[in-house]
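Take a look at the structure below.
Counting convention: from 1, in listed order, for ligands and their atoms alike.
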Amino acid sequence: MPGDKSISHRAIMLGALAVGETRVTGLLEGEDVLSTAAAMRAMGATITRETDGTWSVHGVGVGALLQPQAALDMGNSGTSTRLLMGLVAGHAISATFVGDASLSKRPMGRVIEPLSLIGADFTASPGGRLPLMVRGASPAVPITYRLPVASAQVKSAILLAGLNTPGITTVIEPVPTRDHSERMLRGFGAELDVEVAPDGTRTIRLSGEAELRPQAITVPGDPSSAAFFAVAALIVPGSDLVIENVGLNPTRAALFAVLRKMGGSIEELDRREVGGEPVADLRVRHSALTGITVDPAVVPSMVDEFPVLFVAAALAAGRTVTSGLEELRVKESDRISAMHAALTLAGATVTETADGVIIDGTGGAPLAGTPDGTEVTTHLDHRIAMAMAVAGLASRTGVAVDDTRPIATSFPVFEALLEQVTG
Ligand code: S3P
């Protein structure tokens with residue numbers, strides 16, 4: 001599996017804030033991460049790719065980001081946008097953020113609110129959307145902020161702003177979300193501590209005006225990309241697939257547990273540590289799946305995996321019920337309605353609810369496939385395109401997808417790998 005998208009963004013950003021050279025191997029070379037790299041270059045970092053695929057990042061130091069001379073084009077990437085809004089908010093610079101049609105519909109109020117409390121100033125398009133301008137605070141004010149939505153992007157935006165803020169910035173996270181920022185900030189030498197209350201609430205404290213030390217980072221493979229191949233192997237008869245280099249950080253890996261609960265045969269081979277994160281190879285075999293009710297408590301640790309879980313559910317015996325998925329409506333597309341429409345067109349039985357879907361599976365029989373002359377609509381959302389490609393593998397006539405270009409945002413080798421394992 002190619003590198004983890006979340007970790008790749010953070011490696012470039014923190015490398016750009018450390019004085020000296022950070023070297024990154026296994027970086028995901030998807031469009032989203034390249035948007036982050038371009039933005040950090042525009043703010044002073046020197047970022048190059050060597051011929052062996054290693055990336056070299058010469059950082060400018062916390063507090064020393066330069067004023068970008070043009071608007072920062074974030075493409076399709078919500079993670080780049082929200083995390084970089086945090087970085088700019090804590091520096092004495094201003095920046096304009098623009099993005100594609102999908103990104104320009106996504107809510108930025110969730111980061112504007114806490115970043116305004118530290119003293120940054122925002123001029124956003126109606127509804128708190130892109131294009132928007134951030135004027136950073138100098139000096140910023142340290143805040144204590146309790147996250148109203150379970151979002152690693154909001155948490156990370158505040159922590160990145162806190163790096164250049166005098167004093168202690170505190171984020172309280174009632175529901176744990178992916179912790180790559182915390183792990184990597186510590187790795188770069190920031191003073192960060194995490195206190196976990198008996199009810200699971202996490203309080204994260206970061207000491208500001210941090211000095212980051214450059215690092216050598218190996219990015220583990222992306223579990224969110226592995227997810228498509230895991231489901232493909234489970235639903236295509238005769239499959240026996242080893243997916244190498246899958247990151248299994250507990251804040252990311254819930255999909256594999258849910259699929260096992262549905263009867264999926266997923267075995268971990270060679271569990272090891274890569275770049276401070278747990279990693280294993282996964283052996284996945286075709287399995288008779290059974291529908292389940294998915295506990296909403298696991299949503300944050302598989303938030304990007306629901307589109308492909310819905311595909312597994314469409315092939316399972318019986319009913320799968322999901323809830324607590326409101327956040328899916330504000331991802332690259334409204335993933336609840338996009339998957340409802342796409343799977344229905346492909347012949348699955350799906351009911352949409354306010355915060356989830358209910359799917360009555362085929363019990364292993366292939367889906368019909370998209371009728372002649374029709375295509376599922378991806379709405380500029382890579383995960384809809386990939387999930388429906390996987391559904392196509394378990395259909396009689398195949399699934400036609402209207403636009404596969406968004407796949408390059410997170411998984412440029414998806415089609416080549418799919419060809420390799422099905423060919
Ligand atoms: C991400 C956090 C998640 C996830 C996104 C990547 C990150 O978003 O959906 O793909 O790298 O921090 P939210 O924070 O909006 O849940």
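Under a 4.0 angstrom heavy-atom cut-off, Arg10 registers as being in contact with ligand 1.
Listed by chain and number, the residues in a salt bridge (charged side-chain N to carboxylate O under 4.0 Å, His left out) with Asp355 amount to none (sequence neighbours excluded). Here Asp52 pairs with nothing under the salt bridge (charged side-chain N to carboxylate O under 4.0 Å, His left out) rule; sequence neighbours left out.
Looking only at side-chain heavy atoms (C-beta outward), Arg335 and Asp381 come within less than 4.5 Å of each other.
Every atom of ligand 1 is numbered from 1 in the order shown, and the set under 4.0 Å from a heavy atom of Asp304 is 4 (C), 5 (C), 9 (O), 10 (O). Less than 4.0 angstrom separates some heavy atom of Val303 from each of these atoms of ligand 1: 9 (O). Distances below 4.0 Å separate heavy atoms of Ala152 from the following atoms of ligand 1: 12 (O), 14 (O).
A salt bridge between Arg110 and Glu327 is present, with a side-chain N of the basic residue lying under 4.0 Å from a carboxylate O of the acidic one.
The closest protein non-hydrogen atom to atom 11 (O) of ligand 1 is Ser6 OG, 2.7 Å. In terms of protein heavy-atom proximity, atom 14 (O) of ligand 1 is nearest to Ser151 OG, 2.7 Å. Protein heavy atom nearest atom 16 (O) of ligand 1, with residue, atom name and distance: Lys331 NZ, 3.1 Å.
In this structure, Arg319 places its CZ atom where only 12 or fewer heavy-atom neighbours from other residues, nucleotides or ligands lie under 6.0 Å away. Around CZ of Arg49, the count of heavy atoms belonging to other residues, nucleotides or ligands within 6.0 Å exceeds 12.
Note: no N/O pair closer than 3.5 Å links Ser156 and ligand 1 by distance alone.
Just one residue in the list Val357, Leu325, Ile336 forms a side-chain contact (heavy atoms from CB on, under 4.5 Å) with Phe306, and that residue is Leu325.
Residue-level proximity to ligand 1 for His9 is absent, since no heavy atom of it falls below 4.0 angstrom.
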